[in-house]
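Notes follow the structure.
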Amino acid sequence: MILSIALTLAIAQTSLQEWDRLETFQVRFRQGASDFGKVDVSKALPLAHALWLSAPFRKDPALLHVVNSISTDGRFLFLSYRDTVGFSFVNNTGRMHAMGFQVPSESRAPNLSIDQCVEKVKEYYRLVGGTNSLSLQRAEIDLSMDRETFLYVYVSFSFTAPGTAYRFASGIEAIVDRTYGTPENMQIGEIPPYDAPANVVSKDDAVANAIAAASQYTGWSVLEGASQEPMFHVPDYLGMPNRMQAVHKRRLSEGKACLVYEVTVHDASVDLPTGDRRRPFVQVYVDAETGQPIGLLPVYKRIGALSEDLPRRAFDWSGTWAVGSTTGKILPSSKEPPFAQKRVLLVRGSQRVLASYDPASGLVWLISGGKAFVGEPDGELRMALALCQRADGFEMDAPQRANN
Amino acid sequence: MEGQGDNVSDKDAEPSNWVNGSDANVAIFGFNDNVMSTLKAGDRSQFVPYNNANGHLIMVDKLTLHVQALLGDLAAGSRTELALAAANFAYPPRTFGYGDNGSGINYMKLLNMSLSGDPDATLHTIYQRSTETSANWVRFGDWGLVKKEFATFPEGMLQ
């Protein structure tokens with residue numbers, strides 16, 4: 001206790017302009033760690049001090065709870081400065097991968113706008129030495145953190161590939177305190193090495209293939225899919241159902257990124273709005289160079305209610321349907337579904353339907369909710385169906401790696 | 001978790017007081033949204049991918065690593081506030097976010113574990129899963145828990 005009091009007094013007496021020396025830190029080694037690895041603590045201390053000086057609040061020094069500490073488990077090193085500024089570094093590279101401020105819990109006034117919080121994240125990223133180009137992805141009031149008082153804003157930026165418009169899956173993300181504009185937790189990624197693509201398939205093609213893969217995997221017949229612009233991912237999909245090729249496995253082993261569409265595919269037969277957390281969906285990762293799905297994350301298995309319990313939207317053939325660039329109508333038919341079939345992709349607004357088409361009878365049909373729906377396309381649509389390519393599924397291999 | 005101050009006992013550390021954070025040296029941790037993690041009751045599938053190379057957006061390490069870091073720091077004597085920040089920094093838990101512009105695109109976002117109670121609380125007792133059967137271990141069905149006592153917290157430090 002005497003030592004602790006002595007340390008506290010030493011910190012309290014330190015000039016505001018001087019950063020606290022390493023000797024003032026409580027250092028804890030865990031999990032067999034015995035040193036700081038490649039983390040240069042001597043550089044971190046002035047930075048921590050500068051951030052502490054810049055903090056738009058002060059903890060009451062009279063409380064004398066101020067303690068500096070460092071703890072490391074050999075993988076990460078956490079440094080806390082004057083109970084206010086926190087850094088986390090990767091031990092074996094020395095890279096900072098997270099930072100944040102512990103703010104006073106009392107007298108919160110979450111008045112900063114989302115835009116102001118976005119600007120703050122950029123500022124703090126530069127302050128801690130970040131230099132990559134940033135592309136804003138998300139900025140929203142963080143409802144999950146505090147549903148009553150909206151204390152935080154969630155902000156996500158992607159890094160962009162130098163000289164291109166393509167983004168990386170990595171970037172910076174922050175949960176920003178709306179009272180002070182300080183990040184409570186800012187995660188800082190890094191740009192991996194990457195292979196630039198020779199060509200890029202269209203987003204429509206990528207989404208269509210993702211839907212075919214999702215339908216094959218899940219058995220859903222009415223689906224909705226959407227994708228952002230392709231991003232550079234290190235194709236690390238071995239832990240999920242995947243069809244990674246040798247080139248992807250090589251990139252994974254080398255830590256190299258390639259351009260990938262990340263497609264979200266919903267079960268559109270479920271009558272719940274987008275954003276309802278029970279709405280079943282999968283994420284499909286499509287190689288943007290080849291258009292081939294290479295990974296599928298079966299999110300619906302992990303969150304939300306069981307499909308059988310969800311409200312269903314009855315399927316019908318109303319509306320305008322498209323096959324490629326051809327549009328037309330499909331009338332419901334009471335005929336039995338024929339045996340011969342060609343798998344085709346029909347589009348109605350945001351919905352995509354994987355149906356069977358019989359060239360002889362000209363009928364299309366699908367099974368939804370255990371029931372067959374047979375339709376009779378008009379002449380133009382039938383011609384397009386006869387000429388279009390088969391919308392075959394993409395069989396996924398089982399995960400090759402358990403993520404322990 | 002419960003601290004070891006003289007002013008705290010099982011009797012006066014009622015759950016309602018914990019939640020209100022009115023007890024010194026008492027704190028609870030928790031999430032206020034679903035966490036994407038394999039650490040869910042009855043869920044033993046290993047299909048959760050993560051991608052350290054990409055940083056964040058596909059999936060992160062399992063929550064077990066977060067818990068390990070949190071308890072590790074607490075066991076090493078760290079205060080709740082700092083132990084939690086360290087765990088959230090190193091192994092950030094994630095939840096799913098949902099596109100709000102009709103795009104239907106889902107994404108993952110940070111979900112810090114939250115703290116309610118005393119940010120200066122320190123750990124008194126830690127339980128660890130094990131298959132040990134010696135007298136120091138308490139058995140709960142298939143689980144073995146060791147009760148590990150830490151040094152007495154100096155009097156007067158909890159003002």
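Every chain is numbered from 1, with letters handed out A, B, ... down the list of sequences.
- Between the CD1 atom of A/Ile175 and the CG atom of B/Leu111 there is a distance of 7.0 Å, given to the nearest 0.5 Å.
- No donor-acceptor distance shorter than 3.5 angstrom exists from the side chain of A/Arg30 to the backbone of B/Ala76, with no hydrogens or angles considered.
- Only the backbone of A/Ser227 comes within less than 4.5 Å of a heavy atom of chain B; no side-chain atom from C-beta onward does.
- A distance of 7.0 Å separates CG of B/Asp120 from CG of A/Asp83, quoted to the nearest 0.5 Å.
- Using a 4.5 Å cut-off between heavy atoms, A/Phe89 makes no contact with chain B at all.
- The shortest side-chain heavy-atom distance between B/Leu82 and A/Gln102 falls under the 4.5 Å cut-off.
- The CD atom of A/Glu184 sits 5.0 Å away from atom CG of B/Asn112, with the distance rounded to the nearest 0.5 Å.
- To the nearest 0.5 Å, atoms CZ (B/Phe89) and CE (A/Met99) are separated by 7.0 Å.
- If you look at B/Tyr91 and A/Phe76, their ring centroids are closer than 6.0 Å.
- A/Gln228 touches chain B through backbone and side chain together, each having a heavy atom under 4.5 Å away.
- Atom NZ of residue B/Lys109 and atom CD of residue A/Gln187 lie 15.0 Å apart, to the nearest 0.5 angstrom.
- In summary, the side chains of B/Asn88 and A/Asn185 do not present any donor paired with an acceptor at a separation below 3.5 Å, with no hydrogens or angles considered.
- Between the CG atom of A/Leu151 and the OG atom of B/Ser114 there is a distance of 10.0 Å, given to the nearest 0.5 Å.
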